[in-house]
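Counting convention: from 1, in listed order, for ligands and their atoms alike.
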Amino acid sequence: MAEALRLASRACGRTYPNPAVGAVVVRGRCVVGRGYHRRCGAPHAEIVALGEAGPRARGAELFVTLEPCNHYGRTPPCTEAIVAAGIGRVHVAAIDPNPLVRGRGVRFLRKAGVDVRVGLQGDAARKLNESYFKLMRTGRPFVTLKIAETVDGKIADADGDSKWITSPASRALVKAMRRRCQAILVGVGTVMRDDPTLLPARGGQGPYARCVLDSGLRIPPDSRLVRTAARRKTIVYFNHDRKKKRQLLEKYGVTCVKIGPATARGVAVDGVLDDLGRRGVQDLIVEGGAHVFTSFVRGGHVDKVVVFIAPGIMGGTRSLSPFLDIGAKSPEGVRFRVDDVSTVSRDVVITLYPRVTREGTRGR
Ligand code: AOF
Ligand code: ZN
């Protein structure tokens, strides 16, 4: 199964909207077939592995990182191919949360007399496709906060300048993260201050949408985001309609979505996530600023945090922290667990997941 997971990870981030899946056929003590799902529309992992195994699949065992599908999608059901190949036993790491599958693949195989075992390396398999699982289970995207800060936890100086904080290598890594997601989100404050394009350096790659939380429709029509809206999906989430302004934005190609009613902190994040989920967004990267980060943490909407820490001290009393009042009840604040620590050029990158308490609440 470890080998199947390794195979699956090769296509991780390249199979949207499908999950990354790996499969290995084992006969006796020998691996006789390997496969993974390369991209949406390509054959499923099991089909590739069974093809490589050929007649040696008869009576062999199949290790697959996701429950084999039992439906006609872009490709025919894997379950039928597994039975036809004469596989005797199937090890499934995780049940497919897709409502079209969800246990049906396992039931079909068992009815056909195949010995099916579920759960081997299940956590690793679910983590590999964490955004696919999140959207299938909740109808909302997997939310990653991306924060670039100094050692003293500052994301911008008193003038709001934040561009120079992390190294070019870290910024390149952020661009690679963006290429694998379907949407990135910022607050209107960031648009007014930094006027980012949020486009990849050499157009084309990574067709993610750019989203702005903008309760009062304040986004400047001459901002670079609006001016490039005809080229790239741009969604502005607002509460208070200003018809003339909205129509002007729409003329530029901006999609304006009213989310109501407003909360004390502006646009309700729940409504935004529901809308993005309906649009099929599996991976959402939230890039700030502080108001937006705060709303996501307060609402318990964070699935992962990636913090880029630059080895510098900014100091100052007017410099900006990534979070305002997050409403934490205990002095330890909202808690996370460290998943990974690495260095990129001169920066440190920490990946965090929320700590889920026994009551099921996050980080409290
Ligand atoms: C598998 N093996 O390798 C993958 C599966 O449109 P299709 O035919 O590609 O089917 C997509 C669905 O199949 C996808 O939503 C998910 O439920 C499952 N993915 N299943 O048996 C695979 N990638
Ligand atoms: Zn399949």
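- Heavy atoms from both the backbone and the side chain of Pro19 come within less than 4.0 Å of ligand 1.
- For the pair Tyr16 and Asn18, the minimum side-chain heavy-atom distance is 4.5 Å or more.
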- Task: I would like to know whether Asp347 and Ser170 meet side chain to side chain donor-acceptor pair (under 3.5 Å); could you show each step before the answer?
- Result: CA-CA 7 Å; Asp347 303 327; Ser170 290; 2.6 Å; yes
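- Note on Lys127 versus Asp339: salt bridge recorded, some NZ/NE/NH1/NH2 to OD/OE distance being below 4.0 Å.
- No salt bridge links Asp241 with Lys258; every basic N to acidic carboxylate O contact stays at or beyond 4.0 Å.
- The Val21 neighbourhood of ligand 1 comprises atoms 3 (O), 4 (C), 22 (C), 23 (N), with distances under 4.0 Å to a heavy atom of that residue.
- Although no hydrogens or angles enter the test, the distance criterion places a donor-acceptor pair under 3.5 Å between the side chain of Glu67 and the main chain of Asp96.
- The option from Glu46, His71, His37, Arg74 that lies nearest to atom 2 (N) of ligand 1, judged by heavy atoms, is Glu46.
- Among protein heavy atoms, atom 14 (C) of ligand 1 sits closest to Asn18 OD1, 3.7 Å.
- Between Tyr237 and Cys256 there is no side-chain heavy-atom pair separated by less than 4.5 Å.
- Protein heavy atom at the shortest distance from atom 13 (O) of ligand 1 is His44 CE1, 3.4 Å.
- Close approach of ligand 1 to Asn98 (heavy-atom distance below 4.0 Å) involves ligand atoms 14 (C), 15 (O), 16 (C), 17 (O).
- Using a 4.0 Å cutoff on heavy atoms, Tyr132 counts as a contact of ligand 1.
- A salt bridge links Lys146 with Glu287: the distance from a Lys NZ or Arg NE/NH1/NH2 to an Asp or Glu carboxylate oxygen falls below 4.0 Å.
- When each atom of ligand 1 is checked for a heavy atom of Ala45 under 4.0 Å away, the hits are 3 (O), 22 (C).
- Taking only nitrogen or oxygen atoms, main chain and side chain alike, Pro68 does not reach within less than 3.5 Å of ligand 1.
- Ranking protein heavy atoms by distance to atom 17 (O) of ligand 1, first place goes to Asp96 OD2, 2.5 Å.
- Arg117 forms no cation-pi arrangement with Phe63, by the criterion of a distance under 6.0 Å to the ring centre and an angle within 45° of the ring axis.
- Between Phe293 and Phe323, the two ring planes are tilted [angle within 30° to 60°].
- Considering backbone and side-chain N/O of Cys78, none are found under 3.5 Å from N/O of ligand 1.
- Near Cys69, the atoms of ligand 1 lying under 4.0 angstrom from a non-hydrogen atom of the residue are 1 (C), 20 (N), 21 (O).
- The N, O or S atom of His44 with the smallest distance to the Zn ion (ligand 2) is ND1.
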